Amino acid sequence: MISCKNISKKYKKVQALNDISFEVKPGEIFGLIGPDGAGKTSLFRILTTLILADEGFASVDGLDVVKDYKLIRERVGYMPGRFSLYQDLSVEENLNFFATVFNTTVEENYELVKDIYQQIEPFKTRKAGKLSGGMKQKLALSCALIHKPTVLFLDEPTTGVDPVSRKEFWGMLKNLQQQGITILVSTPYMDEASLCDRIALIQKGRFLTIDSPQKVADSFQKTLLSVSAENMSKLLTDLRAISEVESCFAFGDSHHITLKDPTSTHKQENWGPQKKNINDIDLTINNLKMMLEAKNHINVVIKKIKPGIEDCFMELSKNNL
Amino acid sequence: MKQFLSFVRKEFHHIFRDRTTMAILLILPVLMLLLFGYAINTEVKNSKIAVYDPSNDSYTRAIIEKMDASEYFSVVKMLKNEQEMSEQFKNGEVKMVIAFSENFHENLLHTGDAQIALIADATDPNSAKSVVNYATAIIAGYQMESQHLQQIPFQINTQIKLLYNPQMKGAYNFVPGVMGMILMLICAMMTSISIAREKEMGTMEVLLVSPVKPAMLIIAKTIPYFFLSLINLTTILLISVFVLGVPVVGSLFWLLVLSLVYIFVNLSLGLVISSVVNNQQTALLISGMVLMLPVIMLSGLMFPIENMPVFFQWISQLIPAKWYIIGVKKIMIKGLGFSAIIPQLTVLSGMAVLLVAISIKKFKYRLE
């Protein structure tokens, strides 16, 4: 449905996209996961024919993004990163306007947007600029859907939206997927990655990996520990000072660390299965706890945890500096 | 067509819902006309003058009376000595002092050589010049009358006739100028700002990823401002006729035709500006500085084009407002017909076609 081959894009000094290639299958929810400035928006703009890539080839729904841009513009739905509807028009007026822009009517495709639009319908006379973040996104999604697009491009649709609305929003995407719409969505929130069929982790214009969220998480081969104590910021510096600790990142209420493999001589990633058994790990945890307590940390809690997408991202991005 | 109408409706919504801007757009012409009409006035009326009259004879008294009686002057003070003169000017109480020589009447009769000094405060050179001119005219008039009484065998009378504007009203000059300025301001500035706003708010991005044709988008943008400028045109004409007393001597029809063409020129100018800027502020600055200044300085509204250096005279040819103002003066003030404004109409139409073509061609159908 969407196909990119060796796409590169450079703005003056910044290499926004570097040799990006990927395919999105029909009916798939494909997630682009990466921090701000990773190149997500540039990729969206190339695929929605808004900017031209410096190198490479891309097609949407079988149409070339450069030659057939007019045809693509008729059949895709695009929701830009920031709220891009008319703030001084009401909810209803915005929807009607975008329906006529795409030569259709709200009635014609009401079925498609019904579930989403019904939630904001009580406020249909309210100006779009006065809606809450979540409602704005629902309206923008309704407007992007009103012409029954084959592919939906959603650039960070849940940024700045409260957790409850975010969850709702992803529920809507799942519904749309069932109606056969292919969805390319980007997000800086790693926890949303597991809701996609497949994800690409993107950083500094490069894809780190492309796979299903489960497989991306499974690819994390090392033992991951979460460490917490009273003084979290001192803990972070102390952990990083310990020579056995390979990496240490702050994650909300705990620090996630990986340890160097004592059996391997080089500290590069070790793809082979870890040879440590449970006892080894318990031993390591105890050692570590003692080391930290020796540095006056109190309430030290160390647990072995299952790696998430964010851990994978951190691990993979180390190699992309 | 439905798409187009929906676009136009949206544009009207934008205008009507931004109350402040709309109020400014509607009140601005009224304000400008009244400002030019009453506050910024180059006509000199009831200037305060002082008189130093050491001879104090029948002749000088007659001249002073004539001065005081005219609508241009009111004599506020009789000075006792020459020192008082400079004090008067320093205090800024009078615009001019009239000083007669001693034994004025006697000298006039016997030697034929009597002197009057007109001393004017020239901090404002224009009004000083007019004040002196008026005074000279009054004195000359009186001289002529008295000579007449004395039966001098022959004399040369100069008769001055001021065509089209016998009362020398400033309004005859600035009404066409304000028309040129207001229409340009609203059409060019507002169109460019409204397109720049779409870019700034990100809505342009959404519109681009849609089947909308650039030409349609552009034309739909201009329609509301077209109507707005028609309203303004009407206000300006009504105020100038009924408040400022500047009549429309020639055909109203051709005045409207000329104005419509001029409006088109400015709308397309706004479109061209919007194709090169990406935010409202730049749009405002460009249309404000790049359009307004030349119109004020080089269109002949403030300064006569003939007096400019050749280089600026050439530039003034490129300014639509210059052609429009000339055309309006021809029809409105001189009452000339269609044939007189053919050159202006042709130039303006040419500009309109050229600018519309540029704006459609320069419309960016991508973001960069």
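A, B, ... follow the sequence lines: proteins, then strands. Residue 1 opens every chain. The structure presented is a predicted model; accordingly, all values stated were derived computationally and were not measured.
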Could you go through the side-chain contact (heavy atoms from CB on, under 4.5 Å) check for B:Arg9 and A:Asn96 one step at a time?
-> CA-CA 11 Å; B:Arg9 196 178 323 126; A:Asn96 281 318; over 6 Å; no
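Between A:Thr100 atom OG1 and B:Phe7 atom CZ the span is 8.0 Å, to the nearest 0.5 Å. B:Ser210 contributes atom OG, which lies 5.0 Å from atom CZ of A:Phe102 (distance to the nearest 0.5 angstrom). The line from CG of A:Leu89 to CZ of B:Arg17 is 5.5 Å long, rounded to the nearest 0.5 Å. How far CG of B:Leu207 is from CZ of A:Phe98: 5.5 Å, rounded to the nearest 0.5 Å. Of the inter-residue distances, the one linking B:Leu367 atom CG with A:Thr48 atom OG1 reads 7.5 Å to the nearest 0.5 angstrom.
In this structure, the side chains of A:Val101 and B:Ser6 stay at 4.5 Å or more apart for every pair of heavy atoms.
Annotation: cation-pi geometry satisfied between B:Arg366 and A:Tyr69 (NZ/CZ under 6.0 angstrom from ring centroid, within 45° of ring axis).
Within 6.0 Å of NZ in B:Lys199 there are more than 12 heavy atoms belonging to other residues, nucleotides or ligands. Counting heavy-atom neighbours within 6.0 Å of A:Gln179 CD, excluding the residue itself, gives a total above 12. Around CZ of B:Phe227, the count of heavy atoms belonging to other residues, nucleotides or ligands within 6.0 Å does not exceed 12.
Of the residues considered (B:Met201, B:Lys364, B:Glu205, B:Met204), B:Glu205 shows the highest number of contacts with chain A, using heavy-atom pairs under 4.5 Å. Highest contact tally toward chain A, considering only B:Glu198, B:Arg197, B:Met216, is held by B:Glu198 [criterion: heavy-atom pairs under 4.5 Å].
Minimum interatomic distance between A:Thr105 and B:Lys2 (heavy atoms only, all atoms of both residues): CG2-NZ, 3.5 Å.
Heavy atoms of B:Phe4 lying under 4.5 Å from chain A are absent altogether.
Looking at A:Asp88 and B:His13, their side chains never bring a donor and an acceptor atom within 3.5 Å of each other.
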